[in-house]
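Read through the structure below, which is laid out as structure tokens, and then see the notes.
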Number of protein chains: 2
Amino acid sequence: MEEPKASRRDLTKAQNREVILTAARSVFAQMGFAKATVRDVIRATPLASGTFYNYFKSKEEVYQALRDEAALAIRPTLRQARLAAETQEEFLSSGFRTFFAFLQSRQDEGAVAEASRFRMDSPEVLAGFAELREDLEKAIARGVFAPVDAGLLTSCIVGMAFELAQQVKAGREVEDATRFATALVLGGINAAA
Amino acid sequence: MEEPKASRRDLTKAQNREVILTAARSVFAQMGFAKATVRDVIRATPLASGTFYNYFKSKEEVYQALRDEAALAIRPTLRQARLAAETQEEFLSSGFRTFFAFLQSRQDEGAVAEASRFRMDSPEVLAGFAELREDLEKAIARGVFAPVDAGLLTSCIVGMAFELAQQVKAGREVEDATRFATALVLGGINAAA
DNA sequence: GACGTTCGTGACGCCGCGTCAATTTCTCTT
DNA sequence: AAGAGAAATTGACGCGGCGTCACGAACGTC
């Protein structure tokens, strides 16, 4: 039995971590990740500067933690949608739709006011790519998907998804992007088979 | 007549700029963009620290200049290949092939040893996206391409290209990636029409 | 060759970085 | 309840990078 033993220590520890992450979200959104400093984050907090380093090694690690958080939040939903799919169309459209809707709902935080476009994939995000690949392979094995190179297809889907996400953030309808991406991949796969 | 007037001043100015860019390429490749500092770059140069700021405002601006350089180097080739294309297949495959081969030939510099994956699009790169879109629209107008939403298709192609580029850098054959991407888009478009 | 302009130089003040000894806060034992 | 020990917080500190600027050298012009 893993007794959580929610001692006072463990509690404030979790709290402090969350306080820092929340402050970082706000600071990054406000002044942009590039310009923000560890000091800016900690100043938006009642904690002392040294305390920051008890929780994170750097600004980058905080950013990763935020990305990881988002990735872990959406991955189960994506998995479920894909595993439940009984057709290629369903597999693709539910995946794209879930992804776009998720990003749109968090538009505000992700909208880090950067000078130029910029993307950084944290380990959990990469793990999400691996999950998509696994799901694709399973779907192929189940006969739901035509047999194609899962690695290359994963890259294509991921690339399309992230790039189309920009358009969604710029005002495109989630359904438009979903329909287009789904049709493209679907048609391409069927043509290849 | 734009007289270049290659005076001594203009010459050393161009030289210095190139010296800094070359040093930056090397420094970024060696220690990674994130860890590198303006001082590191200028130290890899016979110039003084203050001189750097006569040419660039920051480390980021140097990085952008490098990206811009690459984008400007490949864009004419891409344009030409696309404009000469008389079939959808040709339009897509020559574009993908050119892009992948180009990146592979510069693998060393782009291989900035970063902690996690990271991408930043400079203005000239974005302009390249706009060019692709224009060429797609022209091709549609010419009747070479089926009529689809050029904006969404641009995003899909761009996303796929950049993501597949990762695989090429990881050892995938250029031809494999080219064939796959071409077939996918081609099939998708034809299915949509 | 003399004047005006442009550019390279490096020292300077400022600030963020990551550390660490001192201190406070919590936990566990008796 | 008290006290010892462990763990976490604090902020001051030294280090180094940042961007600037007054100075002098190099250059173009007449």
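Letters go in sequence order (proteins before strands), and every chain restarts at 1.
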Item to complete: Check each residue of residues 11-18 of chain B for a non-hydrogen atom within less than 4.0 Å of any atom in DNA chain C, then write out the ones that pass by number, or none.
Response: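 Residues of residues 11-18 of chain B under 4.0 Å from DNA chain C: B:Lys13, B:Asn16.
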
Discussion item. Contact list please: residues 47-57 of chain B against DNA chain C, heavy atoms, distance less than 4.0 Å, in numerical order.
Written reply: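 Nucleic-acid contacts, sorted: B:Leu47, B:Ala48, B:Ser49, B:Gly50, B:Thr51, B:Asn54, B:Tyr55.
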
With sequence neighbours left out, what residues match [X] under salt bridge (charged side-chain N to carboxylate O under 4.0 Å, His left out)?
| X | value |
| --- | --- |
| B:Glu134 | B:Arg79 |
| B:Glu61 | B:Lys57 |
| B:Glu173 | none |

Worksheet entry | Polar side-chain contact A:Arg39-C:dG18 base: donor and acceptor under 3.5 Å |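 Result: at least one qualifying N/O pair found.
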
Could I get a table of every N or O pair under 3.5 Å where one atom is in the protein and the other is in nucleotides 23-26 of chain D?
| unit_1 | atom_1 | unit_2 | atom_2 | d |
| --- | --- | --- | --- | --- |
| D:dA26 | N3 | B:Arg9 | NH2 | 3.2 |

What residues form a side chain to side chain contact (heavy atoms under 4.5 Å, CB included) with [X], not counting sequence neighbours?
| X | answer |
| --- | --- |
| A:Ala191 | none |
| A:Asp40 | A:Val27, A:Met31, A:Thr37, A:Arg43 |
| B:Gln166 | B:Arg117 |

Just distance, no hydrogens or angles: give the donor-acceptor pairs under 3.5 Å from side chains in residues 47-56 of chain A, sequence neighbours left out.
| unit_1 | atom_1 | unit_2 | atom_2 | d |
| --- | --- | --- | --- | --- |
| A:Tyr55 | OH | A:Asn16 | ND2 | 3.1 |

Item to complete: For A:Arg75, check side-chain hydrogen bond (donor to acceptor under 3.5 Å, both in side chains) against everything at least two apart and list the hits.
Response: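 A:Arg75: side-chain hydrogen bond (donor to acceptor under 3.5 Å, both in side chains) contacts with A:Glu124, A:Glu131.
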
Worksheet item: Who passes side-chain hydrogen bond (donor to acceptor under 3.5 Å, both in side chains) against A:Arg9, sequence neighbours left out?
Response: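 A:Arg9 satisfies side-chain hydrogen bond (donor to acceptor under 3.5 Å, both in side chains) with no other residue.
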
Fill in: Basic-acidic side-chain contact under 4.0 Å: A:Arg179, A:Glu89
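No.
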
